[in-house]
There are 2 protein chains.
Amino acid sequence: MLTNLGTDRPVFIQLIDEIQMRILSGTYPRGGRIPSVRELASEFKVNPNTMQKALNELERTGLLNSQRTTGKFITENETLIQELRRKTAENEIGFFTERMMKYGYSRQEIFQLLQEFCTQEKEQTD
Amino acid sequence: MLTNLGTDRPVFIQLIDEIQMRILSGTYPRGGRIPSVRELASEFKVNPNTMQKALNELERTGLLNSQRTTGKFITENETLIQELRRKTAENEIGFFTERMMKYGYSRQEIFQLLQEFCTQEKEQTD
DNA sequence: ATCATTGTATTATGTCATTAGTACAATCAG
DNA sequence: CTGATTGTACTAATGACATAATACAATGAT
């Protein structure tokens, strides 16, 4: 029986995603210190080990660097951040359109649907 | 250590996704018989059990129905298919825009980026 | 020096996804 | 009837993910 449809992706992947979004969007500012592993783990209600695993990956890609006892800091490299932001956006667009086309929508249809969606006067609730 | 970044989602979820796309896009025609569990498992190079799990989910949602010894058939219900196709597309758009906005892109920017992407004269290589 | 906080590492445990292998009952072709 | 194919069910083994519970070394504040 299917138990957990919807919790698709592993937690640590979702964490990588979320933290990276905060960095790329500037929620966590360039050069700044991010909350401690334990703090972040607490915020997301996950085990510190899991958070550590996610942050390690962000360090591997150069977005973070650790200073053993003072914390983890976001790269000063603005270019890296902007490059990654652009690339990530491209990727998102690529995945999105690829999937839509697999559902049988043409480029033009995709474009139209998004236009309808984007021009909705929608109240943002968060 | 991170071993399998990129193999994000469980195989059986990807299978649900892929088979459903074939149904919604019409690759597998309405009312028709889909290949046997063992055939599909072979095509996707997965264990029959895993394919079975995926097809069960599609049966649960009403897209497929089984006839014990003759095979699995796609629903005759055109409305169900079109409704699901529409809903799925809406969902894709929702996820896509939500993620893009988390990266700090405005609705207008998203729209523009997609426009650039969709108006590229791109040769499809597959 | 003392103490709290930092990142980091380790071991154990439970759950889930996946594969492998097998089995059975119902249909259809010969 | 015989045999092949269908969906379906079951057990066992393996590996990844996640949590729990520690532990330790380095830094900064007191």
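Letters A, B, ... mirror the listed sequences (proteins, then strands); counts begin at 1.
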Taking only residues two or more places apart in sequence or in another chain, which ones pass side-chain contact (heavy atoms from CB on, under 4.5 Å) with A:Arg33?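 Result, side-chain contact (heavy atoms from CB on, under 4.5 Å) vs A:Arg33: A:Ser36, A:Phe73.
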Just jot down the side-chain contact (heavy atoms from CB on, under 4.5 Å) partners of B:Ser66, sequence neighbours excluded, or say none.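 With sequence neighbours excluded, B:Ser66 shows a side-chain contact (heavy atoms from CB on, under 4.5 Å) to B:Glu59, B:Lys72, given in chain and number order.
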Whole Å only: how far is the [atom1] atom of [X] from the [atom2] atom of [N]?
X       : N      : atom1 : atom2 : result
B:Asp8  : D:dC17 : CG    : P     : 11 Å
B:Asn65 : D:dG7  : CG    : C1'   : 13 Å
A:Glu39 : C:dA4  : CD    : P     : 17 Å
B:Ile34 : D:dT6  : CD1   : P     : 11 Å
A:Leu64 : C:dT6  : CG    : C1'   : 15 Å
B:Leu55 : D:dT6  : CG    : C1'   : 13 Å
B:Ile16 : C:dA17 : CD1   : P     : 10 Å
A:Gln52 : D:dA18 : CD    : P     : 14 Å

Would one find a side-chain N or O of B:Arg33 under 4.0 angstrom from OP1 or OP2 of D:dT6?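 Answer yes for this pair, as a side-chain N or O of B:Arg33 is under 4.0 Å from OP1 or OP2.
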Distance below 4.0 Å between A:Lys53 side-chain N/O and C:dT8 OP1 or OP2: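 No, because none of the side-chain N or O atoms of A:Lys53 sits under 4.0 Å from OP1 or OP2 of C:dT8.
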Tell me, please, which residues at least two apart from [X] pass salt bridge (Lys or Arg N to Asp or Glu O under 4.0 Å).
X        : value
A:Glu109 : none
A:Glu39  : none
B:Arg85  : none

How would nucleotides 23-29 of chain D be written as a contact map, 5' to 3', with B for base contact, S for sugar-phosphate-only contact and - for no contact, using protein heavy atoms under 4.0 Å? B--BS--
Under the side-chain hydrogen bond (donor to acceptor under 3.5 Å, both in side chains) test, which residues partner A:Arg22, sequence neighbours left out?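 Testing A:Arg22 for side-chain hydrogen bond (donor to acceptor under 3.5 Å, both in side chains), a comparison that skips the adjacent residues, returns A:Tyr28, A:Glu43.
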ring-ring contact (aromatic ring centres under 6.0 Å, His included): pairs with one or both residues in residues 91-110 of chain A, sequence neighbours excluded: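 Sorted pair list: A:Phe96-B:Phe96.
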Distance only, no hydrogens: is a donor on one side chain within 3.5 Å (strictly under) of an acceptor on the other, for A:Gln14 and A:Glu18?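 No, no side-chain donor-acceptor contact under 3.5 Å.
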Provide a list of protein-nucleic acid N or O atom pairs under 3.5 angstrom, restricted to nucleotides 19-21 of chain D.
from   : atom 1 : to      : atom 2 : distance (Å)
D:dT19 : OP2    : A:Asn47 : N      : 3.1
D:dT19 : OP2    : A:Thr50 : OG1    : 2.6
D:dA20 : N7     : A:Asn47 : ND2    : 3.3
D:dA20 : N7     : A:Asn49 : ND2    : 3.4
D:dA20 : N6     : A:Asn49 : ND2    : 2.8
D:dA21 : N6     : A:Asn49 : OD1    : 3.4
D:dA21 : N6     : A:Asn49 : ND2    : 3.1

A:Pro10 has a side chain; which of C:dG7, D:dC17, C:dT6 sits nearest to it?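 Of the candidates, D:dC17 comes closest.
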Nearest to side-chain heavy atoms of A:Ser66, which nucleotide of D:dC17, C:dG7, D:dT8: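 The closest nucleotide is C:dG7.
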With a 4.0 Å cut-off on N to O distance, would you call A:Arg99 and B:Asp17 a salt bridge?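 Yes, A:Arg99 and B:Asp17 are salt-bridged.
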